[in-house]
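See below for the structure under consideration.
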2 protein chains.
Amino acid sequence: MSMTQQEADFASRIEADFVQNPVYTGVEQAILEQRLPPGTRLAETDLAEFYGVSRTIVRSGLQALAHSHLVTLRPNRGASVANPSPREAREVFEARELLEPRSAREAALHANRSDIRALRRHAQEEHDAMSRNESGRALRLSGRFHVMIAQIANQRTIAGMIENLVSRSSLIIALYWTRSSTRCDESCHNALIDAIERNDADEAEELMRSHLVELHSALRFDVTDTSNLTLKDMLSQ
Amino acid sequence: MSMTQQEADFASRIEADFVQNPVYTGVEQAILEQRLPPGTRLAETDLAEFYGVSRTIVRSGLQALAHSHLVTLRPNRGASVANPSPREAREVFEARELLEPRSAREAALHANRSDIRALRRHAQEEHDAMSRNESGRALRLSGRFHVMIAQIANQRTIAGMIENLVSRSSLIIALYWTRSSTRCDESCHNALIDAIERNDADEAEELMRSHLVELHSALRFDVTDTSNLTLKDMLSQ
DNA sequence: TTAATTGAAAACGTATACAATCCTGTAATC
DNA sequence: GATTACAGGATTGTATACGTTTTCAATTAA
């Protein structure tokens, strides 16, 4: 399969630049695995030393992360891991509830054998991570599962939006998650794969919708973790 | 109205960094007004000289524009104005058709007097630009109108997505637009404001939907304008 | 004439230097 | 004792230097 130059651009050219930035990939993965909690300060010199690059590369990576809403940049005050507000958290899940059920429907209509195999392999990896108590890795893989479905749906523009919303969900879960276990994920994801394999679009759409409502309802915005807030933050409320 | 630190972050902190980058704002506006056609090469030194800044600032601005899909970066080959493929064009309009009717509905439910005044003032500016034959400015203002509605809808996350899709639409229109006049915009936008002012959610949603379908159907992907493509682009198809 | 080669100029990628700003701890003042 | 003023250090912002890659045109060979 050959692509036009335009198609190649559309597919990967923009991301390619950041994928090979060790700061971008490293910090992103650490955030998705909740090893870097919201609010953590990201000093340029520290990152430069850790990744063995100059501050030029660090700043480029941090700028890319800021565009993804994973990092907050404040002029003359540097970068820190984003600290999504209850409002932002609600909005991100509302947007997911709008976009992802339709993606699941389209995925059920488009998925081929190789897509199903990849989804089952991925679900197994997720399961393994959970049983080995690697909860950070499990969370990242769980998000990745949603992105895979969006990609199978064959609408790259919307898939990109979903990828971004899923990433931000890791921070939201770190701040507002109340349940102890994500056991729900495992059965939900398997049921979703089954529906997609059967090309049952209605069922896939409904399973995705209810899965997201389930996740959303497990967030508690009233019990805000204030440990990362300064006095000024609290006073300005 | 007071905001928490988190809320302030969410509202404007990330954008603030690029809004004061003259390369970002200047090139963005030029693209939205179609003064920079798709494929135009953006040499760092030229931009640095034009805006009177160092290449550091230029690269930062170009990186931000690449994230917005307005510019394409290719390693070791620099930046050029994005050249959206027919597929990307279709996807952008499909995404708009999914997001914007709902935004129009929500805007109809949330709009207050000051919102309506701002929309009418904006429509007047659009009209003036058209009658003065400033078609680039008119196109940018027309896109801005859609963003304003998304912002009134009070869902910033989705409004941000729509803002991005609207920006990309300027490039898509530059490449694939067939009709000579955008007369439709004027009456469509006025009818939309009327529906929003009446808080007629159903009507606003339907008007937005049909307006977007109208725009989408005026795109012709078979008559690709090849004047901006290099030989290599054409051969690799 | 065409195609391949090659070398200089231009452009990009990264590191670093220096300036501007912010932060923090100490001392002075009330 | 609490608050402010200030100095030094730390951190970020921007420009620039330099190495590497690409581009392009002149040259040469087929």
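Sequence lines set the chain letters: A, B, ... in the order given, protein chains first and strands last, and positions in each chain run from 1.
Formation of a donor-acceptor pair under 3.5 Å by the B/Asp115 side chain with backbone atoms of B/Asn112 is found in this model.
Using modelled atom types and a 3.5 Å distance limit, the side chains of B/Ser169 and B/Arg96 yield a donor-acceptor pair.
The nearest whole Å value for the distance from the CD atom in B/Gln20 to the P atom in D/dG13 is 10 Å. In this structure, CG of B/Leu73 is placed 17 Å from P of C/dA11, rounded to the nearest angstrom. In this structure, A/Leu47 atom CG and C/dA15 atom P are separated by 14 Å, rounded to whole Å. Between the C1' atom of C/dC12 and the CD atom of B/Gln63 lies a distance of 14 Å, rounded to the nearest Å.
Note on A/Ser54: a side-chain N or O is less than 4.0 Å away from OP1 or OP2 of C/dA15.
Applying the salt bridge (Lys or Arg N to Asp or Glu O under 4.0 Å) rule to A/Arg102 yields no partners; only residues at least two apart in sequence or on another chain are considered.
Counting heavy atoms from C-beta outward, A/Asp46 and A/Arg41 have side chains that stay 4.5 Å or more apart.
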Step by step, would you call A/Arg156 with B/Glu88 a salt bridge (charged side-chain N to carboxylate O under 4.0 Å, His left out)? CA-CA 8 Å; A/Arg156 289 172 189 164; B/Glu88 180 177 350; over 6 Å; no

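Ring to ring, B/His122 and B/His189 are not that close: their centroids are 6.0 angstrom or more apart.
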Counting primed atoms, P, OP1 and OP2 as sugar-phosphate and everything else as base, the B/S/- map of nucleotides 7-12 of chain D against protein heavy atoms under 4.0 Å is ----SB

